[in-house]
Amino acid sequence: PIYVTTSPFDLLERAIAANGRPNVRTQVCFWRGAERSNWVDKAHKTDHKFAPSKEEPLVYHLFGLEAYPESMVLSEDDTLDFLTAIAKDTNPDQPMVPLYLRQAIAQSSLILIGFRLRDADFRVLFRGLISEMPSSLRQHSLAVQDDPRQRSSVIATAKLIDYLNLYLRDAKFSIEWNSPDGFAAKLAARVKAMHVGYGM
């Protein structure tokens, strides 16, 4: 029911709608302060009482949406300001990142796809939201990471793999060494095999 993206584009919403769920909802993190008064779509306004579901899923744009340029995290300064704003957000009733989203991150199985550990967007997402939540409530999660052994430019791959495993283990993540495309193909093949097995 919930998708968190650091992309400022609505490609994920279009894909979900094209896959038979047209009631997909978009929410945007307005980390610079007060939300705007004029909206491209009024559904983009943060709804703290919204309950995402399979029938009405949510795509949450953590680093803003292109329709609202002031919401986007683009530069290194933006990243630092974003982290500061999240850290200073102490509103218990209407926090910058809605409570239902924080609860879902804390309690759900998560899949991280398309991130590199050295990228700022991953570090902000992981350290700013995921790792700050108590992992004791979270189910086992998965991070899809490009295999450094497949890149000739990477030196000391064994040490890098050990580091990645250690970095993610405490937050209850295991690693699938694969590209996003490779993981999607593998997942699609697994689902197809299950359907054949059940005679569907």
Side-chain angles (χ1 to χ4, degrees), residues 1-89 91 93-133 138 141-144 171 180 183-184:
I2 297 178
Y3 301 81
V4 180
T5 180
T6 55
S7 168
F9 308 112
D10 66 350
L11 299 175
L12 192 51
E13 288 93 328
R14 294 187 205 178
I16 293 169
N19 200 37
R21 292 192 288 170
N23 295 323
V24 59
R25 190 101 166 253
T26 298
Q27 298 275 278
V28 184
C29 182
F30 290 94
W31 55 276
R32 290 189 190 272
E35 292 183 351
R36 59 192 296 129
S37 56
N38 56 322
W39 301 89
V40 174
D41 184 335
K42 288 186 178 180
H44 294 167
K45 181 177 172 62
T46 303
D47 181 357
H48 292 275
K49 295 182 179 179
F50 179 54
S53 65
K54 184 178 179 181
E55 293 72 29
E56 192 176 6
L58 168 76
V59 175
Y60 190 82
H61 290 265
L62 186 66
F63 283 3
L65 187 66
E66 64 173 340
Y68 311 104
E70 74 280 7
S71 71
M72 294 169 65
V73 178
L74 298 174
S75 67
E76 184 176 348
D77 285 345
D78 287 344
T79 302
L80 294 173
D81 290 344
F82 175 89
L83 280 173
T84 301
I86 292 291
K88 288 183 176 179
D89 182 26
N91 187 330
D93 300 318
Q94 295 188 339
M96 193 177 300
V97 177
L99 287 174
Y100 62 78
L101 183 60
R102 289 177 177 268
Q103 289 168 354
I105 289 173
Q107 298 175 11
S108 303
S109 292
L110 306 175
I111 301 178
L112 297 176
I113 302 175
F115 292 102
R116 291 181 179 169
L117 262 63
R118 293 181 179 176
D119 291 346
D121 54 355
F122 171 81
R123 285 181 286 174
V124 169
L125 176 63
F126 190 79
R127 299 187 65 155
L129 283 179
I130 294 174
S131 62
E132 77 167 19
M133 303 295 175
R138 187 182 305 132
S141 298
L142 181 69
V144 178
F183 174 73

Is any side-chain heavy atom of [X] less than 4.5 Å from a side-chain heavy atom of [Y]?
| X | Y | value |
| --- | --- | --- |
| Val97 | Asp89 | no |
| Val24 | Tyr3 | no |
| Ile16 | Pro57 | yes |
| Arg25 | Asp47 | yes |
| His48 | Leu99 | no |
| Thr26 | Asp10 | no |

Can you name the nearest heavy-atom pair linking [X] to [Y], along with the distance?
| X | Y | result |
| --- | --- | --- |
| His44 | Tyr68 | ND1-OH, 2.8 Å |
| Ala104 | Leu110 | O-CD2, 4.5 Å |
| Leu142 | Phe183 | CD2-CE1, 3.7 Å |

If you round to the nearest 0.5 Å, how far is [atom2] of [Y] from [atom1] of [X]?
| X | Y | atom1 | atom2 | value |
| --- | --- | --- | --- | --- |
| Cys29 | Met72 | SG | CE | 13.5 Å |
| Leu101 | Thr46 | CG | OG1 | 10.5 Å |
| Lys49 | Tyr100 | NZ | OH | 13.0 Å |
| Trp31 | Thr84 | CH2 | OG1 | 9.5 Å |
| Glu70 | Leu65 | CD | CG | 10.0 Å |

Verdict with supporting geometry, Asp78 and Arg32, salt bridge (Lys or Arg N to Asp or Glu O under 4.0 Å)
CA-CA 10 Å; Asp78 287 344; Arg32 290 189 190 272; 3.1 Å; yes
Side chains of Glu13 and His61: any donor to acceptor distance under 3.5 Å?
yes
Has the side chain of Gln27 got a donor or acceptor atom that lies under 3.5 Å from a matching backbone atom of Ala43?
yes
Can you name the one residue among Phe82, Phe63, Trp39, Tyr60 that meets ring pair (Phe, Tyr, Trp, His ring centres under 6.0 Å) with Phe30?
Trp39
